[in-house]
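Written out below as structure tokens is the structure these notes cover.
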Amino acid sequence: MNFLRSKTKTILLTGFIAGTLDIISAIVIFADGNVTGVLKFIASGAIGNAAMDGGYEMVCLGLIIHYIIAYSFTVGFFLIYPLVPLLRKSILINTIFYGCFIWSFMNFLILPLTHNPPGPVELVHVSTNIGILIYAIGFPVVFMAKRHYSKSTH
């Protein structure tokens, strides 16, 4: 039971770190510090343009949606990590791969289903997005999964 409790705590901490790094990066790099605009934009993916006219309830909705996504990618990696031996080989390679995977998954599967489908592919924008996902989500998730599972096997 201690392993499961420890795993839950590790996932909660990791998802929080990844989600926080990711949202701060988006706010600073893409929105010049416009926290409200970024979070309303995220909410608008679920409910449409009305979110942009909403108040703090839309900001909160955007934040909740953002963390649900961050935690989903965190839990997903923690679930597949012990099943795929290749994931235990290189933190660097897995971090890069996972950041690219997250970008691809979001842009080709998730965003087309929302009110905010992805725009045209521009190399600078794509590489910046992938870079953020590599360091903000990929690295903490891969590092913490490796750390958790190597501790739990002793």
Side-chain angles (χ1 to χ4, degrees), residues 3-48 51-52 54 56-84 86-88 90-119 121 125-152:
F3 171 75
L4 292 178
R5 203 167 338 161
S6 170
K7 184 176 184 179
T8 301
K9 285 182 185 179
T10 301
I11 288 171
L12 288 173
L13 174 64
T14 304
F16 180 75
I17 291 168
T20 302
L21 288 172
D22 183 49
I23 198 68
I24 288 171
S25 298
I27 291 165
V28 170
I29 294 170
F30 292 119
D32 293 325
N34 185 355
V35 175
T36 303
V38 169
L39 294 173
K40 284 183 177 183
F41 179 77
I42 293 169
S44 74
I47 65 167
M52 301 309 283
Y56 283 102
E57 73 282 359
M58 290 301 126
V59 173
C60 291
L61 178 61
L63 191 63
I64 290 166
I65 291 169
H66 171 74
Y67 276 103
I68 287 171
I69 293 167
Y71 275 105
S72 296
F73 282 112
T74 301
V75 169
F77 193 83
F78 270 77
L79 290 174
I80 65 165
Y81 186 86
L83 304 174
V84 181
L86 184 62
L87 295 178
R88 296 187 284 280
S90 169
I91 289 177
L92 178 62
I93 291 170
N94 287 318
T95 296
I96 293 168
F97 170 78
Y98 204 50
C100 292
F101 170 79
I102 294 167
W103 183 87
S104 299
F105 189 86
M106 290 299 297
N107 279 275
F108 297 123
L109 293 170
I110 302 301
L111 291 177
L113 301 174
T114 72
H115 292 282
N116 296 331
V121 176
H125 188 70
V126 170
S127 59
T128 303
N129 270 315
I130 290 174
I132 289 170
L133 292 169
I134 288 170
Y135 97 85
I137 296 181
F139 179 72
V141 170
V142 170
F143 177 80
M144 293 297 278
K146 182 172 182 69
R147 183 172 176 252
H148 172 76
Y149 284 104
S150 52
K151 277 185 172 181
S152 65

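Computed from a predicted structure; not experimentally measured.
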message: Quick check against the 3.5 Å criterion: does Lys146 have a side-chain atom that pairs as donor or acceptor with the backbone of Arg88?
response: yes

- prompt: Which value, rounded to the nearest 0.5 Å, describes the distance between Leu63 atom CG and Met58 atom CE?
  reply: 13.5 Å

message: Using every non-hydrogen atom in the two residues, find where Ala70 and Gly19 come nearest and quote the distance to one decimal.
response: CB-CA, 3.6 Å

message: How long is the straight-line distance from CD1 of Ile29 back to CG of Asn129, given to the nearest 0.5 Å?
response: 9.0 Å

query: Under 6.0 Å from the CD1 atom of Ile93, do we count more than 12 heavy atoms belonging to anything else shown?
result: no

query: Do the non-hydrogen side-chain atoms of Met144 and Thr74 ever get within less than 4.5 Å of each other?
result: no

message: Can a side-chain donor-acceptor contact be found between Thr36 and Tyr56 if the only test is distance below 3.5 angstrom?
response: no

- request: Could you check whether the rings of Phe101 and Tyr98 sit parallel, tilted or perpendicular, using 30° and 60° as the cut-offs?
  value: parallel

message: Below 30° counts as parallel, above 60° as perpendicular, anything between as tilted: where do the rings of Tyr71 and Tyr67 land?
response: tilted

task: Might you work through the side-chain contact (heavy atoms from CB on, under 4.5 Å) test for Asn107 and Val126, ending with a clear yes or no?
output: CA-CA 10 Å; Asn107 279 275; Val126 170; over 6 Å; no

query: Looking at Leu21 and Pro140, what are the two nearest heavy atoms and their distance?
result: CD1-CG, 4.1 Å

message: Donor-acceptor check, side chain of Asn94 to backbone of Leu87, threshold 3.5 angstrom: yes or no?
response: yes

- request: Using atom types as modelled and distance alone, determine if a side-chain donor or acceptor of Tyr149 lies under 3.5 Å from a backbone N or O of Phe78.
  value: yes

field: Side-chain donor/acceptor of Asp22 to backbone N/O of Ala18, under 3.5 Å
entry: no

query: Is the shortest heavy-atom distance from the side chain of Phe73 to the side chain of Leu133 under 4.5 Å?
result: no

- prompt: Any side-chain heavy-atom pair from Phe97 and Val142 closer than 4.5 angstrom?
  reply: no

- prompt: Going from CE on Met52 to CD1 on Ile47, what distance comes out if it is rounded to the nearest 0.5 angstrom?
  reply: 10.5 Å

message: Working to the nearest 0.5 angstrom, can you tell me the gap between Ile102 CD1 and Ser72 OG?
response: 10.5 Å

task: Please report the shortest heavy-atom distance between Pro118 and Pro112, naming the atom on each side.
output: CD-N, 3.9 Å

field: Spacing of OG1 belonging to Thr10 relative to NE2 belonging to His148, to within rounding of 0.5 Å
entry: 5.5 Å

- prompt: Any side-chain heavy atom of Phe41 within less than 4.5 Å of one from Ser44?
  reply: yes

message: For the backbone of Ile11 and the side chain of Thr14, can you confirm whether one donor and one acceptor N or O come within less than 3.5 Å of each other?
response: no

message: Is any side-chain heavy atom of Leu13 closer than 4.5 Å to one of Ile17?
response: yes

message: If I take atom CG from residue Leu111 and atom CH2 from residue Trp103, how far apart are they, to the nearest 0.5 angstrom?
response: 9.5 Å

field: Side chains of Val38 and Phe30 in contact at under 4.5 Å (non-hydrogen atoms)
entry: no

query: What pair of heavy atoms forms the shortest contact from Ile65 to Ala46, and how long is it?
result: CD1-CB, 3.8 Å

- prompt: Heavy-atom count around Tyr135 OH within 6.0 Å, excluding the residue itself: above 12?
  reply: yes

message: Is there a side-chain contact between Ile110 and Ile69 in this structure, where contact means two heavy atoms from C-beta onward sitting under 4.5 Å apart?
response: no

